[in-house]
Amino acid sequence: NLDIPETNDKGGAFNIFDCLVEGTKKVKELSGSIPPLLTVNWQKGIAAATRYKNNNVIELNGSVDDPDEYDDAVILHEYGHFIMDKFSYSKSPGVIHHSNDTNQDIRLSWSEGWATFFSSLLRNNSLYVDVSQLKTLSYNIENLQDSIGGSLKSFAQGQDTEITVSSVLWDIYDSTDDEGDTISLGAKPIWDVFSKFKSYYDCVLEDFYLDFFSNTANEVYRAQINSIFSTRKVFYSDSTFKRGKIYIKNDGRVIPDGNGTGIISSLDVTENLRIKDINIFVDLPHAYRKDIIMSIISPSNKEVILHNQTKPLDGQSENIFAWYQEPYETIPAESIDD
């Protein structure tokens with residue numbers, strides 16, 4: 001037992017250490033093995049930023065106004081990313097994100113939602129708190145309330161939000177029954193699925209759902225799990241649901257100014273598929289989205305417009321970072337060619 005005043009700078013280092021010791025104990029309990037050595041670079045008085053660097057290093061940087069050395073939830077969120085790196089797999093693009101984001105890359109949603117859930121699991125507390133002298137952020141993945149905007153329920157809908165992922169996992173884990181949640185399975189069934197993820201997975205919430213029921217012993221929980229997912233408007237349980245496929249095309253070319261022809265970028269799919277539905281995620285940095293017309297063109301030359309020189313909505317940046325789903329932006333809902 002060691003008591004160190006907060007005014008002593010060494011106290012922050014010991015609190016970080018204590019958080020990670022407790023985290024290591026829980027991971028050993030769940031996995032049967034001790035995680036690799038982890039280094040935390042902790043600095044004060046610089047631009048606030050926390051991240052896991054994918055090389056057994058967490059950077060925990062605190063500004064004068066926003067120190068993080070006593071923010072256990074933040075520390076253990078980054079620890080969750082470290083554990084994902086060592087015991088599971090992630091394909092997150094790792095871009096800037098917020099708890100109330102919508103239309104995220106679903107690989108990002110899974111990674112960030114897992115890290116927040118795992119932080120709560122290690123603390124046995126559904127409240128995530130990031131203390132700042134300017135504005136303290138707190139939100140609860142159990143009742144979906146936050147300290148700034150009130151209810152998060154309108155954001156916790158669909159697989160493309162991290163708050164959906166964290167709240168779904170917490171409802172499966174926790175001992176509180178509420179709003180569609182009538183089970184309390186604890187950490188082990190969740191860990192058993194999480195630790196299955198491999199490089200050939202898409203690493204999204206859908207993988208968790210399908211792998212959970214690949215264990216026939218979990219079939220008795222299907223109705224309860226479906227209830228939790230449908231409450232968050234994730235409908236893998238729908239009778240028409242088929243496993244989705246993710247195809248990715250990265251194109252580093254710059255959009256030419258004043259060129260009406262623009263850029264055509266082809267995505268080759270070698271599988272013979274009959275397409276029921278397409279959701280398209282676009283990450284397109286550009287200074288002025290009203291300049292952009294964006295469409296998809298099928299092999300039979302059928303064109304559907306996704307973005308047609310639309311101004312950003314309130315709170316949106318000029319960069320395009322969003323899902324496009326039927327009926328898209330200017331074309332009525334219609335079937336897409338095989």
Side-chain angles (χ1 to χ4, degrees), residues 91-97 101-110 154-155 157-162 164 200-207 210 233-236 238-338:
K91 292 186 177 177
S92 170
V95 297
I96 294 174
H97 61 94
D101 283 344
T102 57
N103 295 330
Q104 287 180 328
D105 184 313
I106 56 177
R107 300 165 299 166
L108 174 71
S109 300
W110 168 255
S154 63
F155 299 99
Q157 298 183 6
Q159 64 172 327
D160 56 345
T161 74
E162 60 190 78
T164 291
Y200 56 85
Y201 279 54
D202 293 323
C203 301
V204 295
L205 183 59
E206 179 185 353
D207 289 312
L210 294 173
K233 300 193 184 313
V234 181
F235 299 112
Y236 303 140
D238 186 279
S239 60
T240 64
F241 170 72
K242 303 292 183 183
R243 188 183 190 104
K245 289 182 176 288
I246 294 178
Y247 299 98
I248 301 170
K249 177 63 180 287
N250 296 313
D251 193 325
R253 288 178 293 169
V254 176
I255 300 171
D257 288 334
N259 183 336
T261 304
I263 292 175
I264 295 178
S265 182
S266 298
L267 174 64
D268 296 326
V269 178
T270 58
E271 295 162 285
N272 184 17
L273 303 172
R274 178 171 292 276
I275 298 171
K276 177 181 177 183
D277 189 26
I278 293 179
N279 299 326
I280 301 166
F281 188 85
V282 180
D283 180 3
L284 180 63
H286 193 70
Y288 193 47
R289 70 164 64 192
K290 200 171 185 303
D291 284 344
I292 301 296
I293 297 175
M294 184 169 57
S295 63
I296 53 172
I297 304 171
S298 75
S300 62
N301 214 35
K302 179 179 178 180
E303 183 173 6
V304 176
I305 296 175
L306 304 179
H307 179 88
N308 192 5
Q309 297 180 297
T310 306
K311 295 179 180 179
L313 301 174
D314 289 344
Q316 285 184 325
S317 70
E318 291 288 351
N319 294 333
I320 295 176
F321 188 82
W323 283 102
Y324 290 89
Q325 299 165 292
E326 290 191 273
Y328 303 117
E329 198 161 295
T330 60
I331 305 296
E334 57 186 310
S335 63
I336 296 174
D337 288 349
D338 292 350

Trainee: Examine distances only and state if a side-chain atom of Tyr236 and a backbone atom of Glu206 form a donor-acceptor pair shorter than 3.5 Å.
Mentor: yes
Trainee: Is there a side-chain contact between Gln309 and Asp291, using heavy atoms and a 4.5 Å cut-off?
Mentor: no
Trainee: Considering non-hydrogen atoms only, spot the tightest contact between Ser92 and Leu108 and give its length.
Mentor: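 Result for this residue pair: OG-CD1, 3.3 Å.
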Trainee: Identify the heavy atoms of Pro93 and Asp105 that sit nearest to each other, and give their distance.
Mentor: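 In terms of heavy atoms, the two residues are closest at CG-OD2, 3.8 Å.
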Trainee: What's the shortest heavy-atom distance between Ile320 and Arg289, and which atoms?
Mentor: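 Heavy atoms of Ile320 and Arg289 come nearest at CA-NH2, 3.9 Å.
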Trainee: So which atom in Gln159 and which in Val234 form the shortest heavy-atom distance, rounded to 0.1 Å?
Mentor: N-CG2, 3.8 Å
Trainee: Using a cut-off of 6.0 Å, state whether more than 12 heavy atoms not belonging to Ile264 lie near its atom CD1.
Mentor: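 For Ile264, atom CD1 is not crowded (no more than 12 foreign heavy atoms under 6.0 Å).
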Trainee: Which pair of non-hydrogen atoms, one from Tyr247 and one from Leu267, has the smallest distance, and what is that distance?
Mentor: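 That would be CB-CD2, 3.7 Å.
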Trainee: Could you tell me which non-hydrogen atom of Gln104 sits nearest to which non-hydrogen atom of Phe281, and how far apart they are?
Mentor: C-CE1, 3.4 Å
Trainee: Do Arg253 and Ser265 touch side chain to side chain, with heavy atoms closer than 4.5 Å?
Mentor: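 Yes, at least one pair of side-chain atoms sits under 4.5 Å.
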Trainee: Quick one: are His286 and Glu318 in side-chain contact, heavy atoms under 4.5 Å?
Mentor: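 Not touching, per the 4.5 Å side-chain cut-off.
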Trainee: Please examine the side chains of Leu284 and Ile255, heavy atoms only from C-beta on, and report whether any two atoms are closer than 4.5 Å.
Mentor: yes
